[in-house]
Amino acid sequence: MARPAEGRQPAAPVSRGQIARRVRILRAASELGAREGLASVQMHDVAKEAGVAIATLYRYFPSKPYLFTAVLEWHIEQYLGGHDDGRTDSAGAGRTDAAGRADAAAEVADLLITLSVKLLDSPLLASAVALSSFTEYTTAVPARIDIVDSALGRAILRLLGADQASETDRSRARLLLYGWWGLFVAMLTEEISTAEAETNMRLAARLLLTP
């Protein structure tokens, strides 16, 4: 079957059945990617594993890179769902003093370091999502959100107590996320060790997030 035309916007699931099918696709892609790596995974194999028609797969994920980037976002959301990524006590919300920001910077660093280690538990899948992020699919599917508005970006702003985030808060979080991604890729390619990445991540969080 021919691939769908480049530039088509992916469909957004609405009903429970559609949401369930999308999750089955993401889970199937995760399992295949973890076993076989990006190059060996074929879209029709993902559809078969997920129990959906190939047209359904392409409806939600117009290309393989788009699919595996969605897999990354899904894994991050799953991780955050089981992680206390935001303050629920009113005492911590909106703190702007240096001590509060320093505490929040340490929490953010902990969050990002732990997430990196968890993603790297499956090297082939980590490589698949990293490679997918570098492809040109982003120009073919233009509906992209600011990284600060991703699940991970929102979690960082919550840790900072920035319910009404200023542009400076958003810029700090954005720079930190790009720095985290660079460190994640460096860990994946073994350019730096986990210990070195942790040291750099803590330094970046302290420099960017502490007044």
Novice: Do S132 and Y66 make a side-chain contact, defined as non-hydrogen atoms from C-beta onward lying under 4.5 Å apart?
Specialist: no
Novice: Between Q18 and R59, is there a side-chain heavy-atom distance shorter than 4.5 Å?
Specialist: yes
Novice: Any side-chain heavy atom of V23 within less than 4.5 Å of one from W74?
Specialist: yes
Novice: Check side-chain hydrogen bond (donor to acceptor under 3.5 Å, both in side chains) between D149 and all other residues, then give those that pass, not counting sequence neighbours.
Specialist: R170
Novice: Any side-chain heavy atom of E36 within less than 4.5 Å of one from L124?
Specialist: no
Novice: Enter the distance from L32:CG to L38:CG here, rounded to the nearest 0.5 Å.
Specialist: 11.5 Å
Novice: Shared ILVMFWY cluster between Y79 and V117, side chains joined below 4.5 angstrom?
Specialist: no
Novice: Give a yes or no on whether the backbone of P123 and the side-chain of S127 come within a donor-acceptor separation of less than 3.5 Å.
Specialist: no
Novice: Sequence neighbours excluded, which residues qualify as salt bridge (Lys or Arg N to Asp or Glu O under 4.0 Å) partners of R202?
Specialist: D110, E198
Novice: Atom CG in L152, atom CZ in R154: separation rounded to 0.5 Å?
Specialist: 10.0 Å
Novice: Using a 4.5 Å cut-off on heavy atoms from C-beta on, say whether the side chain of V71 contacts that of H75.
Specialist: yes
Novice: Are the side chains of R172 and D169 in touch, meaning some heavy atoms are under 4.5 Å apart?
Specialist: yes
Novice: Side-chain contact, heavy-atom cut-off 4.5 Å: D45 with V41?
Specialist: no
Novice: Any link between V148 and L207 through a network of hydrophobic side chains (Ile, Leu, Val, Met, Phe, Trp, Tyr) touching at under 4.5 Å?
Specialist: no
Novice: Side-chain donor-acceptor pairs under 3.5 Å in residues 177-197, sequence neighbours left out?
Specialist:
{"residue": "W180", "atom": "NE1", "partner": "L112", "partner atom": "O", "Å": "3.3"}
{"residue": "W180", "atom": "NE1", "partner": "S116", "partner atom": "OG", "Å": "2.7"}
{"residue": "T189", "atom": "OG1", "partner": "V185", "partner atom": "O", "Å": "3.0"}
{"residue": "T189", "atom": "OG1", "partner": "A186", "partner atom": "O", "Å": "3.3"}
{"residue": "T189", "atom": "OG1", "partner": "E191", "partner atom": "OE2", "Å": "3.1"}
{"residue": "S193", "atom": "OG", "partner": "E196", "partner atom": "N", "Å": "3.1"}
{"residue": "S193", "atom": "OG", "partner": "E196", "partner atom": "OE1", "Å": "3.4"}
{"residue": "E196", "atom": "OE1", "partner": "S193", "partner atom": "N", "Å": "2.8"}

Novice: Has T210 got a side-chain atom pairing as donor or acceptor with R206's backbone, closer than 3.5 angstrom?
Specialist: yes
Novice: When you measure from the side chain of T114 to the backbone N and O of L111, does any donor-acceptor pair fall under 3.5 Å?
Specialist: no
